[in-house]
Engineer: 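So that we are looking at the same thing, I have put the structure below in structure tokens.
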Protein chains: 2
Amino acid sequence: MRKSGFRNGIGGDQVECAHGELPYRIGDKWTAHVLRALQGGRRRFTELRAGLPGVTAKVLTETLRAMEREGAVSREAFAENPPRVEYELTARGRKLLGLLDLCCDWARENLVET
Amino acid sequence: MRKSGFRNGIGGDQVECAHGELPYRIGDKWTAHVLRALQGGRRRFTELRAGLPGVTAKVLTETLRAMEREGAVSREAFAENPPRVEYELTARGRKLLGLLDLCCDWARENLVET
DNA sequence: CCGCATCCTTTAGGATACTG
DNA sequence: CAGTATCCTAAAGGATGCGG
């Protein structure tokens with residue numbers, strides 16, 4: 001059984017547009033928001049958290065870890081005190097953001113009429 | 001707080017591409033598959049079920065009911081014995097399918113390289 | 001055949017407290 | 001500051017059985 005290019009959201013598996021194993025999480029609650037937040041460039045954990053009202057540290061961490069595993073963001077930790085960690089979109093992350101933009105364009109064009 | 005054009009999948013709420021209240025379910029487990037299955041035209045319940053291995057009657061019914069509420073499919077029941085029910089994409093359903101196609105195109109172009 | 005009712009498991013996600 | 005560790009709830013989804 002083939003898999004779609006998304007880990008969840010839009011299809012699960014077995015949808016035709018499948019391409020091996022390239023799980024991209026985008027349909028969960030926070031990934032899209034993180035992509036947006038990182039659109040402007042490198043951000044540290046606290047900045048992300050402040051820009052995403054409602055997210056808890058636990059869930060934000062989980063989201064970022066997943067995105068890192070999937071190659072959408074890069075993580076850099078500095079051995080300072082107090083610690084500092086910065087996140088940045090990778091090329092793949094920027095591509096994901098491109099898809100998100102496509103979806104938003106589509107919505108703008110098609111969902112306006114009731 | 002603004003809402004995105006999707007009920008779940010891709011962002012929840014608060015994503016920029018918001019347009020009032022147009023809840024379209026697409027990020028759940030089966031909606032995208034149903035859209036594909038109805039791409040070829042009108043299908044009856046049993047056909048859909050057979051074409052979606054793994055789905056239970058309960059969940060397929062729930063999915064179709066939700067899609068019907070959201071105006072993505074139309075449902076026609078025939079008062080025969082045994083009963084027959086047919087589903088078909090509406091114009092809005094075809095538009096949703098268009099979005100799904102966009103996403104698949106995107107995946108085809110961008111997610112092939114590991 | 002279609003699909004509702006019931007029960008159950010799994011998972012996402014939130015609340016809170018604590019630590020290097 | 002940037003997280004882990006626990007615990008908890010709600011919701012999605014699966015299993016099974018019944019009914020018009």
Side-chain angles (χ1 to χ4, degrees), chain A residues 1 6-15 23-34 37-38 42-70 73-88, chain B residues 1 6-15 23-34 37-38 42-70 73-88:
Chain A
M1 184 176 292
F6 306 95
R7 206 175 71 203
N8 57 17
I10 307 189
D13 51 11
Q14 172 193 11
V15 162
Y24 271 130
R25 153 176 179 141
I26 188 173
D28 68 311
K29 188 166 180 181
W30 294 105
T31 295
H33 299 297
V34 172
L38 288 175
R42 177 175 280 251
R43 295 282 180 272
R44 51 190 297 184
F45 187 83
T46 309
E47 294 179 294
L48 288 175
R49 202 178 168 185
L52 302 172
V55 77
T56 61
K58 177 202 167 218
V59 172
L60 181 54
T61 300
E62 286 170 358
T63 302
L64 287 166
R65 289 282 189 281
M67 294 175 75
E68 193 189 0
R69 274 198 308 277
E70 296 165 5
V73 300
S74 62
R75 175 181 186 276
E76 188 175 8
F78 299 86
E80 305 169 355
N81 202 311
R84 178 164 55 106
V85 179
E86 293 184 352
Y87 294 91
E88 191 174 21
Chain B
M1 182 176 292
F6 306 96
R7 206 173 71 204
N8 56 18
I10 306 190
D13 50 11
Q14 172 193 13
V15 162
Y24 270 131
R25 154 176 176 139
I26 188 172
D28 69 310
K29 188 166 181 181
W30 294 105
T31 295
H33 299 298
V34 172
L38 288 175
R42 176 174 281 251
R43 295 282 182 273
R44 52 189 298 184
F45 187 83
T46 310
E47 294 179 293
L48 288 174
R49 198 175 173 190
L52 302 173
V55 78
T56 63
K58 177 202 167 222
V59 172
L60 180 54
T61 301
E62 286 171 356
T63 303
L64 287 166
R65 289 283 188 279
M67 294 176 76
E68 194 190 0
R69 275 197 308 278
E70 296 167 4
V73 301
S74 61
R75 176 181 185 274
E76 189 175 8
F78 299 86
E80 305 169 355
N81 202 308
R84 178 164 57 104
V85 180
E86 293 184 354
Y87 294 90
E88 191 173 21

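Remember, it's a predicted structure, so these values are computed and weren't measured experimentally. Sequence lines set the chain letters: A, B, ... in the order given, protein chains first and strands last, and positions in each chain run from 1.
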Engineer: Choosing from dG13(D), dC1(C), dG13(C), which nucleotide comes nearest the side chain of Val59(A)?
Structural biologist: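 Nucleotide nearest to Val59(A)'s side chain: dG13(C).
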
Engineer: Please report the distance, rounded to the nearest Å, between CZ in Arg25(A) and C1' in dT11(C).
Structural biologist: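 Checked: the CZ to C1' distance equals 12 Å.
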
Engineer: What is the distance from atom CZ of Arg43(B) to atom CD of Glu86(B), rounded to the nearest 0.5 Å?
Structural biologist: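 Nearest 0.5 Å value for the CZ-CD distance: 10.0 Å.
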
Engineer: Atom CG of Asn81(A) and atom C1' of dT19(C): how far apart are they, to the nearest Å?
Structural biologist: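 Rounded to whole Å, this separation is 12 Å.
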
Engineer: Between Arg43(A) (CZ) and dC1(D) (P), how many Å, whole number?
Structural biologist: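 One finds 17 Å between P of dC1(D) and CZ of Arg43(A), rounded.
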
Engineer: Want to settle it: does Thr56(A) or Pro83(A) sit nearer the 5' end of DNA chain C, counting the closest nucleotide to each?
Structural biologist: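 Closer to the 5' end of DNA chain C: Thr56(A).
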
Engineer: If the condition is side-chain hydrogen bond (donor to acceptor under 3.5 Å, both in side chains), which residues does Arg75(A) pass it with, not counting sequence neighbours?
Structural biologist: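 Arg75(A) satisfies side-chain hydrogen bond (donor to acceptor under 3.5 Å, both in side chains) with Tyr87(A) once adjacent residues are dropped.
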
Engineer: To the nearest Å, give me how far apart CG (Leu52(B)) and P (dG14(D)) are.
Structural biologist: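 Nearest whole value for this atom pair: 12 Å.
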
Engineer: Send over the distance from Arg84(B) CZ to dC1(C) P, rounded to a whole Å.
Structural biologist: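 It is 13 Å, rounded to the nearest whole Å.
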
Engineer: I'd like a table of atom pairs between the protein and nucleotides 3-8 of chain D - only N or O on both sides, under 3.5 Å - with the distance next to each one.
Structural biologist:
unit_1, atom_1, unit_2, atom_2, d
dG3(D), OP1, Arg65(A), NH2, 3.3
dG3(D), OP1, Arg75(A), NH2, 2.5
dG3(D), OP2, Tyr87(A), OH, 2.8
dT4(D), OP1, Arg65(A), NH2, 2.8

Engineer: Of the nucleotides dG14(D), dC1(C), dC1(D), which has the atom closest to the Trp30(B) side chain?
Structural biologist: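 Comparing dG14(D), dC1(C), dC1(D) against the side chain of Trp30(B), the answer is dG14(D).
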
Engineer: How long is the line joining CD of Glu62(B) and C1' of dC7(C), in whole Å?
Structural biologist: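 Distance, rounded to whole Å: 13 Å.
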
Engineer: If the condition is side-chain contact (heavy atoms from CB on, under 4.5 Å), which residues does Ala50(B) pass it with, not counting sequence neighbours?
Structural biologist: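 Listed in chain order: nothing, the list is empty.
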
Engineer: Nearest heavy-atom pair of Arg44(A) and Glu47(A): which atoms, and what distance?
Structural biologist: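 Residues Arg44(A) and Glu47(A), closest heavy atoms: N-OE1, 2.7 Å.
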
Engineer: Hey, can you pull the donor-acceptor pairs under 3.5 Å for the side chains in residues 55-66 of chain A, sequence neighbours left out?
Structural biologist:
unit_1, atom_1, unit_2, atom_2, d
Thr56(A), OG1, Val59(A), N, 3.3
Thr61(A), OG1, Ala57(A), O, 2.7
Thr63(A), OG1, Val59(A), O, 2.8

Engineer: I'd like to know whether Leu38(A) forms a side chain to side chain contact (heavy atoms under 4.5 Å, CB included) with Glu88(A), so could you lay out the CA-CA distance, the side-chain angles of the two residues, the decisive distance to 0.1 Å, and finally the verdict.
Structural biologist: CA-CA 6 Å; Leu38(A) 288 175; Glu88(A) 191 174 21; 5.8 Å; no

Engineer: Write down the distance between CD (Glu76(B)) and P (dG3(C)), rounded to a whole number of angstrom.
Structural biologist: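 Taking atom P of dG3(C) as the reference, CD of Glu76(B) is at 13 Å.
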
Engineer: Taking side-chain contact (heavy atoms from CB on, under 4.5 Å) as the definition, give me every residue that meets it alongside Glu76(A), ordered by chain and number, with sequence neighbours left out.
Structural biologist: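 Once residues adjacent in sequence are excluded, the partners of Glu76(A) under the side-chain contact (heavy atoms from CB on, under 4.5 Å) criterion are Arg42(A), Phe78(A).
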
Engineer: Convert the base pairs of DNA chain C into dot-bracket notation, remembering that pairs crossing earlier ones are written with [ ] and that bases paired across to another strand are shown as |; include only Watson-Crick or G-U pairs under 3.5 Å.
Structural biologist: ||||||||||||||||||||

Engineer: Without decimals, in angstroms, what is the distance between Leu60(A) CG and dA15(C) P?
Structural biologist: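 Between P of dA15(C) and CG of Leu60(A): 14 Å.
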
